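Everything on this sheet refers to the single structure shown next.
Since the model is a prediction, treat every value here as computed from it, not as a measurement.
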Amino acid sequence: MKTKIDYFDYDTLLQPTDWRFAAAVVGLCKYFDYFGIVYKVLYDVEEKPDNYIHGFDGIIYKSEDITEEKYLKFAENYFEKYMTHKNILNILESQEFSEEQIKLVNDLVKSKTVLKGLFDKIKFDGTNKDIFISTIEENRAEIIKNIFKNGNNLYKNYCNERLIFTEDNSTCRLRGYNVDKDRKTSNLGFCFSKESFESNDILEFDFIPFAFSNSDMRETYFVNNNFSVKSLTQTNYAFSNQLSSTENKDDKNKLMLVLQNSKDYISYDVEIISKSQDKAYYETFFVRLERLKKLRELSGKSLNFVKKINDDYWFNLEKEVYMRCLNNVLLDDVILMMLKFYFDDNAGKGYIKSRTDMLIDINVSWKGNEIMDEIKNQIDSAKKCGHLVSKRLIEMKSSNKIISYKYKLSSALNTHDYDRVKEILLRLSAEVNIEFSFFYAFLENAEKYKDIVFSFATALIEGSSNNNEENN
């Protein structure tokens, strides 16, 4: 919430009452610190402003310290590697230029509309660097503004680029919050009344791009732990640094790995806001400490398994498990997917089985100590039965039936046809003349005890590898 105040020489108070204001606070703190501008933190002052909102920290500052000139200079420095004109100026510091450098300067000019307009009839040839330098310096503010506001990973990713550094807007400038005022907006308000629609927008929202994590990622994040201004700034600084140091992972996996190692600065329930370049809106999810602890427990688990499903989707086991962990969703569907992969991949059956066994153990542990203690022995019994059944079928010269029964069980489990599962188990038990002691628990409550059947299905192994499994 932004509040006008009369507090000594300061006239503005910004408090992180929702994630937008929290992100604006973080961005503004970076801006003030860059220029050495003095501001105050609400929790640090003994005498509070008269009209502050209790229960929220905030920053107290002078509105006159926020100017477009300073804002653009800050943007140029903060996102320096994306400022094409800076790259050109760095090249032009040389006294002599190779053909490669000359080509690079001309290519950089062509890459930005604002630079193409300024150098429309001029090409760099190695002898006219003074013209390029002077033109860039004379039009520097215009260049910065155009590059920054139109960058897909810069301002444009977060806000409507037409509203940069504007005030008194009828709708919020943020993506997903902004409404085209030239279109009909009656359907936004109560009873189709345009006048009943309320929106808030402040100039300080222009600082939100500086609060999100690494701009070189297609999906960036902001941690809204708005307990205090100090926790906001320090957490997002540490979060962004850890994301930068996490390599060879997609953005979502980076997020999960960083959360696993965040115990030094996240030790409570927290809200995380994400913004993808592929989406015209922000997304939010709530990370509960209980689930975060579960996620950290997975750090020692080997969940490396990736399989192409189609041209648009790759199944990533690590990512699937992490996301379900945070969202408090069990792994039943992931286990069934792995059972399906078992039949599709002849070369990697052993590896898939070991990952599936691990998933079953994780799934049972997520159900709580009471369930885990109750069915642990049943799962061990199911695995032993699976090994014995496989051995018996091999002795009966019916090893081809192992894969057949495993497939039938997997198909029935996938469709949640538990009556069919029971029928298959009874038929198999009769065929091999072995009593399945675990069957009675499943018979009592199929949904609750389906992990037992998962374990039995994974223990059905055709071929000589079964002997090793049994001995182990």
* Using the side chain to side chain contact (heavy atoms under 4.5 Å, CB included) rule, take R175 and Y158 through it: C-alpha gap first, then chi angles, then the decisive distance, then the call. => CA-CA 6 Å; R175 295 288 177 194; Y158 304 94; 5.6 Å; no
* Ignoring hydrogens and angles, tell me if any N or O in the side chain of S213 forms a donor-acceptor pair with the backbone of Y221 under 3.5 Å. => yes
* **Nearest heavy atoms of D311 and K308, plus distance in Å** => OD1-NZ, 3.1 Å
* Structure fact -> Sorted by chain and residue number, the salt bridge (Lys or Arg N to Asp or Glu O under 4.0 Å) partners of K123 (sequence neighbours excluded) come out as none
* Structure fact -> The reported gap from CD1 in I144 to CD in E142 (rounded to nearest 0.5 angstrom) is 11.0 Å
* To do: Check the pair Y39 / L28 against side chain to side chain contact (heavy atoms under 4.5 Å, CB included), numbers first and verdict last.
  => CA-CA 10 Å; Y39 64 98; L28 267 174; over 6 Å; no
* Asked: Under 6.0 Å between ring centres, would you say that holds for F227 and Y268?
  -> yes
* Indicate yes or no for a side-chain donor-acceptor contact from D57 to the backbone of Y43 under 3.5 Å, with no hydrogens or angles considered. => yes
* To do: Inspect the contact between D107 and K103 and indicate whether a charged nitrogen and a carboxylate oxygen are less than 4.0 angstrom apart.
  => yes
* **Side chains of Y71 and F207 in contact at under 4.5 Å (non-hydrogen atoms)** => yes
* Any donor-acceptor N/O pair, N160 side chain to R173 backbone, under 3.5 Å -> no
* Donor-acceptor pair, side chain of T233 and main chain of K230, under 3.5 angstrom -> yes
* Structure fact -> Rounding to 0.5 Å, atoms CG (L72) and CG (N77) come to a distance of 12.5 Å
* To do: Please report the closest heavy-atom contact between L336 and S410, naming both atoms and the distance.
  => CD2-O, 4.4 Å
* Where does the angle between the aromatic ring planes of F341 and F315 fall among parallel (under 30°), tilted (30 to 60°) and perpendicular (over 60°)? -> perpendicular
* Asked: Only one of F205, F32, F148, Y237 clears ring pair (Phe, Tyr, Trp, His ring centres under 6.0 Å) with F210; which?
  -> F148
* **A412 backbone acceptor or donor facing D417 side chain under 3.5 Å** => no
* **Trace of the side chain to side chain contact (heavy atoms under 4.5 Å, CB included) decision for V321 with M256** => CA-CA 10 Å; V321 173; M256 298 300 112; over 6 Å; no
* Would you call K145 and E68 a salt bridge, using N to O less than 4.0 angstrom? -> yes
* Does N157 offer a backbone N or O that forms a donor-acceptor pair with the side chain of K275 under 3.5 Å? -> yes
* To do: Determine yes or no for a side-chain-to-main-chain donor-acceptor pair under 3.5 angstrom, with N214 supplying the side chain and D216 the backbone.
  => no
* Less than 4.0 Å between a side-chain N and a carboxylate O, is that true for E290 and K293? -> no
* Partner of H85 by side chain to side chain donor-acceptor pair (under 3.5 Å), out of E137, E76, K112 -> E76
* Asked: N90 side chain to K86 main-chain N or O, any donor-acceptor pair under 3.5 Å?
  -> yes
* Asked: Do H54 and F56 have their ring centres less than 6.0 Å from each other?
  -> no
* Asked: What is the distance from atom CG of L163 to atom CG of D206, rounded to the nearest 0.5 Å?
  -> 8.5 Å
* Asked: Is there a side-chain hydrogen bond (donor to acceptor under 3.5 Å, both in side chains) between N51 and T3 once you walk through the steps?
  -> CA-CA 8 Å; N51 49 346; T3 308; 5.6 Å; no
* Within a reach of under 6.0 Å around CG of N445, are more than 12 heavy atoms found that belong to other residues, nucleotides or ligands? -> yes
* Are more than 12 heavy atoms from other residues, nucleotides or ligands located less than 6.0 Å from atom NZ of K73? -> no
* Asked: Between S228 and S231, is there a donor-acceptor pair closer than 3.5 Å when you use the side chain of the first and the backbone of the second?
  -> yes
* Nearest atoms (heavy-atom pairs only) where Q277 meets S215 -> NE2-O, 4.4 Å
* To do: Check the pair N146, T113 against side chain to side chain contact (heavy atoms under 4.5 Å, CB included), reporting the backbone distance first and the verdict last.
  => CA-CA 8 Å; N146 275 274; T113 303; over 6 Å; no
* **OH/Y407: more than 12 non-hydrogen atoms of other groups inside 6.0 Å** => no
* Which pair of non-hydrogen atoms, one from L317 and one from M338, has the smallest distance, and what is that distance? -> CD2-CE, 4.2 Å
* Salt bridge present between E297 and R291 (N-O < 4.0 angstrom) -> no
* Keeping the roles fixed (side chain from D11, backbone from S63), state whether a donor-acceptor pair exists under 3.5 Å. => yes
* Asked: So do I143 and L115 actually touch side chain to side chain, heavy atoms under 4.5 Å?
  -> yes
* Residue pair I66 / Y31, side-chain heavy-atom distance below 4.5 Å -> yes
* **M1 CE: over 12 foreign heavy atoms closer than 6.0 Å** => no
* Which atom pair, heavy atoms only, marks the closest approach of S262 to R296? -> OG-NH2, 2.9 Å
* **Spacing of Q260 atom CD and L292 atom CG [to the nearest 0.5 Å]** => 9.0 Å
* Structure fact -> For Q95, the side-chain contact (heavy atoms from CB on, under 4.5 Å) test, sequence neighbours excluded, returns K129
* Once you round to the nearest 0.5 Å, how far does CD1 of I202 lie from CZ of F21? -> 4.5 Å
* Structure fact -> Note: P209 and F79 closest approach over all heavy atoms is O-CZ, 3.9 Å
* Asked: So how far is it from N169 CG to N178 CG, rounded to the nearest 0.5 Å?
  -> 8.0 Å
